[in-house]
> 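Below is a structure I'd like to ask you about.
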Amino acid sequence: MSGDLVGVWEVALSDGVHRIEFEHGTTTGKRVIYIDGKEIVRRDWMFKLVGKETFNVGSAATKATINIDAVSGFAYEYTLEINGKSLKTYMENRSKVTNTWLLNLDGIDCRVVLEKDTMDIWCNGQKMETAGEFVEDGTETHFTLSDHDCCIKAVSSGKRRDGIIHTLLVDGTEIAETTE
């Protein structure tokens with residue numbers, strides 16, 4: 001990486017946390033985007049120093065855009081949008097539509113993500129095979145992590161405002177949810 005690094009963002013998606021780095025050479029017009037250390041976009045000799053660079057992030061090819069705006073003189077501002085929303089708004093929204101748990105199983109750190117709208121479950125970037133069933137007080141979605149039986153229980157909170165409460169159980173033990 002050169003001295004033209006102007007922006008670094010951490011974006012939490014269902015398949016993991018991705019690091020986006022952006023280089024902008026204001027004298028050469030160069031634009032380079034790295035995701036998780038891998039170069040995905042390179043443009044040399046761009047005469048227009050402001051504008052947008054759009055690309056995809058993660059296994060679901062989530063749309064991301066870096067906006068380059070002139071602030072004053074030769075100062076620039078760089079903002080990242082995910083799916084057309086500012087990173088802050090996207091992450092606030094995301095916390096409403098996903099649940100995330102971080103745990104260590106057999107010495108391996110695991111990041112389990114539940115997408116509430118689809119009930120898809122991801123672990124460390126892999127979409128898990130699941131089996132769902134209705135139970136007396138809600139639903140249970142079963143899956144396996146290495147040799148561990150896992151289950152996400154969905155039960156009504158009894159309060160309209162709180163909605164449905166999702167709980168991860170690994171070998172019958174409840175795991176505390178993480179806020180990203």
Side-chain angles (χ1 to χ4, degrees), residues 5-24 31-38 40-41 50-69 71 76-104 109-130 132 134 137-143 145 150-170 174-180:
L5 185 66
V6 294
V8 177
W9 299 272
E10 300 274 331
V11 180
L13 301 176
S14 295
D15 67 341
V17 179
H18 298 282
R19 181 181 174 94
I20 298 172
E21 296 169 290
F22 182 55
E23 290 182 6
H24 187 217
R31 297 180 187 178
V32 185
I33 298 171
Y34 299 89
I35 298 178
D36 301 327
K38 183 174 174 247
I40 59 148
V41 173
V50 294
K52 298 176 185 253
E53 286 296 334
T54 301
F55 54 98
N56 294 323
V57 181
S59 60
T62 303
K63 182 180 167 207
T65 302
I66 295 174
N67 296 303
I68 308 157
D69 297 302
V71 183
Y76 297 89
E77 180 180 77
Y78 308 92
T79 54
L80 179 67
E81 292 178 358
I82 305 292
N83 283 341
K85 297 179 178 79
S86 75
L87 182 59
K88 182 178 187 285
T89 303
Y90 175 80
M91 295 314 284
E92 287 167 355
N93 250 9
R94 185 165 168 69
S95 68
K96 295 174 191 163
V97 297
T98 62
N99 288 80
T100 304
W101 296 270
L102 299 175
L103 59 148
N104 189 299
D109 288 330
C110 297
R111 180 176 179 271
V112 176
V113 177
L114 166 68
E115 293 180 347
K116 294 184 214 176
D117 54 349
T118 60
M119 291 305 286
D120 286 340
I121 298 172
W122 296 75
C123 180
N124 293 349
Q126 300 295 313
K127 193 169 166 186
M128 305 304 295
E129 288 288 323
T130 61
F134 290 99
D137 55 350
T139 63
E140 292 182 354
T141 305
H142 298 272
F143 60 103
L145 290 177
C150 303
C151 169
I152 293 181
K153 290 183 65 94
V155 295
S156 172
S157 64
K159 300 183 191 106
R160 189 180 143 96
R161 186 160 168 73
D162 295 340
I164 296 172
I165 297 169
H166 296 89
T167 308
L168 173 64
L169 301 170
V170 177
E174 185 174 329
I175 306 298
E177 187 178 345
T178 304
T179 53
E180 288 187 310

> Going by heavy atoms in the side chains, are Ile82 and Met91 under 4.5 Å from each other?
no
> Give me the atom names and distance for the closest heavy-atom approach of Arg31 to Lys52.
NH1-O, 3.6 Å
> Compare every heavy atom of Ser95 with every heavy atom of Lys116, then report the nearest pair and how far apart it is.
NZ-O, 4.5 Å
> Pick one: which of Val155, Asn99, Thr139 meets side chain to side chain contact (heavy atoms under 4.5 Å, CB included) with His166?
Asn99
> To the nearest 0.5 Å, what is the distance between CD1 (Ile152) and CD (Glu140)?
11.0 Å
> Provide the closest heavy-atom pair for Asn56 versus Lys63 in the form atom of the first, atom of the second, distance.
OD1-CA, 3.8 Å
> Can you establish whether the number of heavy atoms outside Glu92 located under 6.0 Å from its atom CD is more than 12?
yes
> Report yes if some heavy atom in the side chain of Ile66 is under 4.5 Å from a heavy atom in the side chain of Trp9; otherwise report no.
yes
> Which atom pair, heavy atoms only, marks the closest approach of Ser157 to Ile165?
CB-CD1, 3.6 Å
> I need the Glu115 CD to Leu13 CG distance, nearest 0.5 Å.
9.5 Å
> Determine whether Tyr76 and Val6 satisfy the following criterion, side chain to side chain contact (heavy atoms under 4.5 Å, CB included), listing intermediate values before the conclusion.
CA-CA 9 Å; Tyr76 297 89; Val6 294; over 6 Å; no
> Nearest 0.5 Å please: distance from the NE2 atom of His142 over to the CD1 atom of Ile121.
10.0 Å
> Side chains of Asn83 and Asn93: does their closest heavy-atom pair fall under 4.5 Å?
no
> If you compare all heavy atoms of Ser59 against all heavy atoms of Asp15, which two are closest, and at what distance to 0.1 Å?
N-OD2, 2.6 Å
> Is the shortest side-chain heavy-atom distance between Val113 and Arg94 below 4.5 Å?
yes
> Is there side-chain contact between Ile68 and Phe22, with at least one heavy-atom pair below 4.5 Å?
yes
> Short question: side chain of Asp36, backbone of Arg19 - any donor-acceptor pair under 3.5 Å?
yes
> Taking Asp109 for its side chain and Asn104 for its backbone only, find out whether a donor-acceptor pair lies under 3.5 Å.
no
> With rounding to the nearest 0.5 angstrom, report the NZ to CG distance, Lys153 to Leu168.
12.0 Å
> Of the non-hydrogen atoms in Val112 and Cys123, which two are nearest, and what is the gap between them?
CG2-SG, 4.2 Å
> Are Arg111 and Val17 packed together at the side-chain level, in the sense that at least one heavy-atom pair is separated by less than 4.5 angstrom?
yes
> Under the side chain to side chain contact (heavy atoms under 4.5 Å, CB included) rule, what do Thr54 and Thr65 come out as? Steps first, then yes or no, please.
CA-CA 4 Å; Thr54 301; Thr65 302; 3.2 Å; yes
> How long is the straight-line distance from CD1 of Ile20 back to CZ of Phe55, given to the nearest 0.5 Å?
4.5 Å
> If I take atom NE2 from residue His24 and atom CD1 from residue Ile33, how far apart are they, to the nearest 0.5 angstrom?
11.0 Å
> Do side-chain atoms of Ser14 reach the backbone of Trp122 as a donor and acceptor pair under 3.5 angstrom?
no
> Can you find a pair of side-chain heavy atoms, one from Glu23 and one from Tyr34, that are under 4.5 Å apart?
yes
